[in-house]
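Below is one structure, written out as structure tokens; the observations come after it.
The model shown is predicted, which means the values in this text are computed figures rather than measured ones. Count residues from 1 along the sequence.
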Amino acid sequence: MENLLINLNKALEIMGIDLPEAALDKLIDYLGLLIHWNRAFNLTAIRNSDEMLSKHLLDSLGVLPYIGEGLILDVGSGAGLPGIPLAIAMPHNRFVLIDSNGKKTRFLTQARIVLGLENVEIVHQRVEAYSPMKDDHRIYFDAVVARAYASSNEIIKNTAHLHKPETRILIMQGKLDESIDVPGYVMKQSHTLNIYGLDAERHLLEIEKTH
């Protein structure tokens, strides 16, 4: 794990991301948990720790500059990507990680406990049926982020009931596809992400609610 920490430090420096030492240690601890649980639960097809570093940790942290402040929903979080790395890097934000797969949310719950992530809530549910309330009022999110678990149009439709006019909708992609065909939503901007150690296209779509 020491080599992974050295590589993480180097990669984040090149990517222009500055995190405190405690956050770096926690990111490596998360990677260790993922490697351990993956043997039994098949959380990700990637087994090599160096690949996990670039394809999971660094890929997740690549969207850090675009997340903003507030209450963040990670849709189809799976093994906690990008939600857990972002929650470690942004302890002042609150994150809800939602997934319909029970074994993955069990891992997320354990990771939350072990890593002491008090700013993270785990939800085992389909996002279409998720309607959070507080004091008899519907909760809306400041940002919704998804790692392209479905098409952009499906992600927008499935989470529309959780958007307010100001919600930032952020969809991570490999090959760029800017086609948005959902009434009331438009493409605001797309960003090319340069992820250290990842020799593949990575993009982020910023989508805006118009009414």
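Through direct or relayed side-chain contacts under 4.5 Å between Ile, Leu, Val, Met, Phe, Trp and Tyr, V144 connects to L71, L73, V75, V96, I98, V123, V127, Y130, I139, F141, Y149, I155, I156, L162, I169, I171, L176, I180, V182, Y185, M187, L205, I207. Through ILVMFWY side-chain contacts below 4.5 Å, I6 is grouped with nothing and stands alone.
Two residues are said to be in side-chain contact when any heavy atoms from C-beta on lie closer than 4.5 Å; L86 and I67 meet this criterion. By the 4.5 Å heavy-atom criterion applied to side chains, N7 and L53 are counted as neighbours. Using a 4.5 Å heavy-atom cutoff, the side chains of M15 and L64 are not in contact. K10 has its side chain within reach of Y196: a pair of non-hydrogen atoms, C-beta onward, lies under 4.5 Å apart.
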Decide yes or no on side chain to side chain contact (heavy atoms under 4.5 Å, CB included) for E121 and R94, but give the supporting numbers first.
CA-CA 8 Å; E121 178 186 349; R94 290 189 299 137; over 6 Å; no
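If you chain together hydrophobic residues whose side chains sit under 4.5 Å apart, V114 and L31 fall into the same group.
Proximity of a side-chain donor or acceptor of R147 to a complementary backbone N or O of L81 within less than 3.5 Å is not detected. No donor-acceptor pair under 3.5 Å is formed between the side chain of D142 and the backbone N or O of G70. A donor-acceptor contact shorter than 3.5 Å is absent between the side chain of K188 and the backbone of E208. Side chain of H203 to backbone of G174: a donor-acceptor contact under 3.5 angstrom is found. Using a distance-only test at 3.5 Å, with no hydrogens or angles considered, no donor-acceptor pair links the side chain of D181 to the main chain of N153. A donor-acceptor distance shorter than 3.5 angstrom exists from the side chain of D99 to the backbone of G78, with no hydrogens or angles considered.
Judged by distance alone, the side chains of R106 and N101 never bring a donor and an acceptor atom under 3.5 Å apart.
For Q173, the side chain to side chain donor-acceptor pair (under 3.5 Å) partners two or more places apart in sequence, or in a different chain, are S152.
By the neighbour-count criterion of 12 heavy atoms within 6.0 Å, atom CD of E13 is sparsely surrounded, having that number or fewer from other residues, nucleotides or ligands.
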